[in-house]
Protein chains: 2
Amino acid sequence: MTPAPHRRLSRERVLAGAVRLADTHGLPAVTMRRLAADLGVEAMSLYHHVPSKDALLDGLVEAVVGEVQAEVAASGEPEGWRARLRDRCLSARRVMLRHPWAPALISSRPSVPPTAYLHYEAILTTLVDGGFSYHLAHRALHALGSMALGFVQEVFSPVPSADAPGTDPGAADLARMADALPHLVAMAESEAHDAGDPVLGWCDSQAEFEFTLDLLLDGLDRARVLTT
Amino acid sequence: MTPAPHRRLSRERVLAGAVRLADTHGLPAVTMRRLAADLGVEAMSLYHHVPSKDALLDGLVEAVVGEVQAEVAASGEPEGWRARLRDRCLSARRVMLRHPWAPALISSRPSVPPTAYLHYEAILTTLVDGGFSYHLAHRALHALGSMALGFVQEVFSPVPSADAPGTDPGAADLARMADALPHLVAMAESEAHDAGDPVLGWCDSQAEFEFTLDLLLDGLDRARVLTT
DNA sequence: ACCTGAACACCGTTCAAGT
DNA sequence: ACCTGAACACCGTTCAAGT
């Protein structure tokens with residue numbers, strides 16, 4: 001918002017500014033020109049600290065992955081592979097909730113930044129220490145997939161949630177689709193009714209995330225025991 | 001490639017052209033001006049069949065979802081909720097392999113096109129017919145998440161695969177990281193060694209997809225039995 | 001060394017004009 | 001009704017020039 005008064009630019013300040021811009025106005029607002037203006041500088045000045053827009057986007061991913069590492073460290077790693085992995089995925093999710101633009105950005109990048117490999121190495125170490133063979137650990141890494149980065153799946157959201165209030169079809173829309181989508185409408189009504197519990201709301205999608213995570217962890221545990 | 005000789009434009013021809021352009025030159029190449037040139041027409045002509053670039057992108061998602069429905073129909077639906085769901089996810093994956101740009105596009109869209117709800121309704125119907133309560137079916141829908149659209153998770157790919165030959169770190173890069181990422185390097189070597197089997201290759205990531213899919217379906221089956 | 005300003009080749013889109 | 005061409009407000013980026 002307020003053009004930063006500092007005179008000295010740096011890669012860190014550029015990336016921090018880009019993160020802030022994406023958080024407040026969305027990823028499309030992250031423009032070399034707009035970012036520069038936000039930093040109180042000319043567009044071309046950015047190129048002294050970042051080689052290109054593409055590199056800026058890579059830096060954005062790097063910054064988010066770094067936040068995940070910090071969040072994991074701050075949450076104090078528990079004992080046992082299952083709890084550690086669970087904790088790491090939930091930490092990652094908290095970071096993604098702070099930066100809703102991050103999942104789409106990360107999956108659109110052609111390659112993951114080198115620092116992300118530290119994150120995967122940590123997961124892999126936890127798995128191997130937990131008794132997984134490399135082969136099964138590899139499968140586990142893929143199975144965890146986007147959960148490992150805490151991706152909030154909004155691919156599907158039929159039930160109005162506090163997470164994304166504006167993007168769901170309203171009750172009126174659902175009523176109009178009722179004959180084409182009978183089960184979807186019935187489910188939405190049934191779930192909305194159950195949600196009288198005030199604890200729910202955004203917690204709802206937290207519960208979905210944990211349900212899926214536990215489903216995967218349970219399955220991986222079973223596969224691990226079978227091969228031991 | 002060859003500018004279409006047809007004189008008459010239509011929404012269908014515009015969308016088909018956009019899909020073809022994305023397939024051959026990637027999503028960034030899908031530009032109003034370039035798409036128009038590809039269709040042998042002026043940029044502004046497109047606006048008579050599509051209200052905006054944003055609507056064009058929505059149409060692109062719609063086209064891909066439509067292809068998924070067609071692929072499911074073509075594969076002849078098997079008996080039983082588990083086999084039907086499995087078949088549907090694998091069909092979706094085949095479509096996404098044909099359009100590698102689609103997953104990133106879909107997850108970057110603020111909302112899913114109305115036609116996608118037919119896809120989810122079909123999944124939900126299969127679940128309900130299979131004995132799932134609405135509550136558990138809702139969780140299942142979220143758990144299946146991106147698998148339901150056949151997303152090819154390339155978030156993580158430490159082992160060179162035929163899927164994305166250029167994007168992985170080469171053996172040289174891995175050797176350089178060896179001290180920072182011991183397990184990742186060891187795993188990559190171990191897996192590369194096992195892959196002497198000529199059947200593997202792109203099949204490898206097919207196997208990963210099916211492993212994860214079965215992990216989820218097994219877990220959902222267990223949850224279903226518990227609540228019955 | 002870092003920052004600037006003008007310039008170039010692109011974008012999406014509006015609008016008045018053509019048929 | 002559909003298509004066009006010029007124009008406008010934006011992009012990312014090159015380059016020569018300033019300090």
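C:dT13 is paired with D:dA7 under the criterion used here, namely a Watson-Crick or G-U wobble arrangement in which both key atom distances are under 3.5 Å.
For C:dC2, one of the phosphate oxygens OP1 or OP2 lies less than 4.0 angstrom from a side-chain nitrogen or oxygen of A:R8. Listed pair B:H49 / D:dC3 meets the phosphate criterion, a side-chain N or O lying under 4.0 Å from OP1 or OP2. Between A:S45 and C:dC2 there is no side-chain polar atom (N or O) within less than 4.0 angstrom of OP1 or OP2.
The existence of a salt bridge linking A:R98 and A:E67 is confirmed by a sub-4.0 Å separation between a basic side-chain nitrogen and an acidic carboxylate oxygen.
Closest to the side chain of B:M44, out of D:dA6, C:dG5, D:dG12, is D:dA6. Here the side chain of A:H48 is nearest to one of D:dG5, C:dC2, C:dT13, namely C:dC2. Nearest to the side-chain atoms of B:K53 among the listed nucleotides D:dT13, D:dT4, C:dG12 stands C:dG12.
Atom C1' of nucleotide D:dA1 and atom CD of B:E42 are separated by 18 Å, given to the nearest angstrom. Rounded to an integer number of Å, the gap from B:L39 CG to D:dC2 P is 16 Å. Distance B:R33 CZ to D:dC10 C1': 11 Å, rounded to the nearest Å. A straight line from CE of A:M32 to C1' of C:dC3 spans 14 Å, rounded to a whole angstrom. Taking atom CZ on A:R13 and atom P on C:dC2, their separation rounds to 14 Å, with Å as the unit. Per the geometry, OH belonging to B:Y47 stands 17 Å off P belonging to C:dA16, to the nearest Å. One interatomic measurement links the two molecules: CG of B:L46 to P of C:dG12, which rounds to 10 Å at whole-angstrom precision.
Looking at heavy-atom distances under 4.0 Å, A:T31 makes contact with sugar-phosphate atoms alone, never a base.
Looking at A:T31, its side chain never comes within 3.5 Å of a backbone N or O of A:R34 through a donor-acceptor pair. Looking at B:E71, its side chain never comes within 3.5 Å of a backbone N or O of B:V95 through a donor-acceptor pair.
Between A:L39 and A:R13, the shortest heavy-atom distance links the atoms CD2-O, 3.9 Å. Listed here is the closest heavy atom pair of A:S111 and A:D58: O-OD1, 4.4 Å.
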